[in-house]
Amino acid sequence: MAQTLNILYEDASLIVCIKPPGTASETRKSGQQDMVSLVRNYRYKKGEEPYAGLIHRLDQPVEGILVFGKHASASAALSRQLAQGKFTKIYLAVTEGNMPGREGKLCDFLKKDSRSNTSFTASEDDPQAKKAELLYKVLDTGAEHHPVQNLVRIQLLTGRHHQIRVQMAHAGSPLLGDLKYGRQKDLQKNREHSGLCLCACGLSFVHPVTKKKLKFQIRPSHPAFQKFLAAEGQIPGEW
């Protein structure tokens, strides 16, 4: 069944939309639908040039907000903001096990293995390792679970391959439902473990033409989040 595009905002310069979990941001696999093709098809059906400038990516299992430039100059301006660290990217995650503290900063050096499509922590002296930094805050803890589960707000300071997943696992509190880095022996114990509990739920940046600050928020759809989040309201925490 063909997917439809869930658009949060659109104007002459850009489209902001929600990537569902399981859909690739962009792929070279024949016959596999991705967000780039969805945006192109949407624009084509509107009678517009089917250009879709993907500014940043999300891992395939991750739900979240993506922004696309509708023309080359908008895409270039947004990409410069991203490279300069001017995008604010907020995530919510459910993790398993004790976090290293109620809030803090994780700093690691990560190395990617392209053959297995995984990343792992490495020595700072490794020339192939890249610095990875994020800020985290534990918003709530469900002590009734074994191991305990935490609702964690995360702000990415860098954008490395599988960064949140690797850093949280290395810190001793992997993401619930993470088939690559999580507690795989426990994944079948409960249906709520189906799917990665990570959502790119907050995104802000400056509009490339109007220079107005744009800010978007969504609520995670994964059922494991619902026991932590109120029925209504914004993403917990200021950003």
Side-chain angles (χ1 to χ4, degrees), residues 2-93 110 112 114 117-119 130 132 134 154-166 180 195-196 198-218 220-221:
Q3 288 180 264
T4 57
L5 200 60
N6 189 349
I7 295 175
L8 297 175
Y9 175 85
E10 180 181 5
D11 63 20
S13 299
L14 54 88
I15 294 176
V16 180
C17 57
I18 300 175
K19 186 188 88 65
T23 300
S25 298
E26 185 175 28
T27 183
R28 294 180 180 177
K29 294 180 181 179
S30 178
Q32 181 177 339
Q33 197 167 56
D34 61 13
M35 293 303 296
V36 170
S37 63
L38 284 171
V39 172
R40 285 174 175 166
N41 290 339
Y42 166 78
R43 297 199 65 196
Y44 176 78
K45 290 177 180 178
K46 289 179 65 180
E48 300 176 354
E49 179 187 358
Y51 175 91
L54 179 63
I55 308 304
H56 59 114
R57 290 169 170 78
L58 295 173
D59 293 346
Q60 187 163 333
V62 178
E63 176 182 31
I65 305 170
L66 286 178
V67 57
F68 290 84
K70 293 180 75 173
H71 48 76
S73 60
S75 297
L78 289 167
S79 295
R80 283 194 297 270
Q81 279 190 61
L82 183 68
Q84 293 166 1
K86 295 180 179 179
F87 269 51
T88 299
K89 295 185 282 184
I90 303 296
Y91 291 73
L92 284 180
L110 304 186
K112 182 179 178 180
S114 297
N117 191 34
T118 59
S119 290
K130 296 182 179 180
L134 61 79
I154 297 163
Q155 180 177 350
L156 276 183
L157 302 180
T158 54
R160 307 305 180 200
H161 178 255
H162 292 177
Q163 179 180 335
I164 293 174
R165 300 163 69 181
V166 177
K180 285 184 180 288
L196 182 68
L198 180 63
C199 179
C201 58
L203 182 69
S204 67
F205 55 90
V206 174
H207 192 285
V209 177
T210 68
K211 307 306 178 185
K212 179 183 177 181
K213 184 73 171 287
L214 300 179
K215 182 176 178 179
F216 303 95
Q217 295 184 355
I218 62 171
S221 64

- request: Show your working on side-chain contact (heavy atoms from CB on, under 4.5 Å) between Arg160 and Val166 and close with a plain yes or no.
  value: CA-CA 10 Å; Arg160 307 305 180 200; Val166 177; over 6 Å; no
Report task. May I have the step-by-step check of side-chain contact (heavy atoms from CB on, under 4.5 Å) for Val36 and Ser25, ending in yes or no? Result -> CA-CA 7 Å; Val36 170; Ser25 298; over 6 Å; no
task = Let me see the working for Arg165 and Leu196 under side-chain contact (heavy atoms from CB on, under 4.5 Å), right down to the final yes or no.
result = CA-CA 10 Å; Arg165 300 163 69 181; Leu196 182 68; 3.9 Å; yes
Quick one, Cys17 with Asn6, criterion side-chain contact (heavy atoms from CB on, under 4.5 Å). Give me CA distance, side-chain angles, the key distance, then yes/no.
CA-CA 5 Å; Cys17 57; Asn6 189 349; 5.6 Å; no
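Applying side chain to side chain contact (heavy atoms under 4.5 Å, CB included) to His56 and the options Leu156, Leu82, Ile65 leaves one that passes, Leu82.
Shown here is Lys212, whose NZ atom has no more than 12 heavy atoms of other residues, nucleotides or ligands within 6.0 Å.
One N or O on the side chain of Lys19 and one on the backbone of Val62 form a donor-acceptor pair closer than 3.5 Å. Side-chain atoms of Lys70 never come within 3.5 Å of backbone atoms of Ile15 as a donor-acceptor pair (strictly under, hydrogens ignored). Remark: the backbone N or O of Leu14 is paired with a side-chain donor or acceptor of Asp11 at under 3.5 angstrom. Side-chain N or O atoms of Gln81 include none that pairs as donor or acceptor with a backbone N or O of Phe205 at under 3.5 Å. With Asp34 contributing its side chain and Thr27 its backbone, the two residues share a donor-acceptor pair below 3.5 Å. Under the 3.5 Å distance criterion, the side-chain polar atoms of Gln60 are matched with a main-chain donor or acceptor of Gly22. The backbone N or O of Gln33 sits nowhere less than 3.5 Å from a side-chain atom of Ser37 that would complete a donor-acceptor pair.
Here the closest non-hydrogen pair linking Pro220 and Glu63 is CA-OE1, 3.7 Å. In this structure, Tyr51 and Ala72 approach most closely via the heavy-atom pair OH-CA, 3.5 Å. Ile218 and Gly64 make their closest contact through CD1-CA, 4.0 Å (heavy atoms, listed as atom of the first residue, atom of the second, distance).
Tyr42 places a side-chain heavy atom less than 4.5 Å from the side chain of Glu10. Side-chain atoms of Leu38 and Phe68, non-hydrogen and from C-beta on, never get closer than 4.5 Å to each other.
One finds the CZ atom of Arg57 at 11.5 Å from the NE2 atom of His161 (value rounded to the nearest 0.5 Å). For the atom pair Ile90 CD1 and Cys201 SG, the distance stands at 7.5 Å (nearest 0.5 Å).
Ring-plane geometry between Phe216 and Tyr9 is classed as tilted, the angle between the planes lying from 30 to 60 degrees on a 0 to 90 degree scale.
No side-chain donor-acceptor contact under 3.5 Å links Ser119 and His162.
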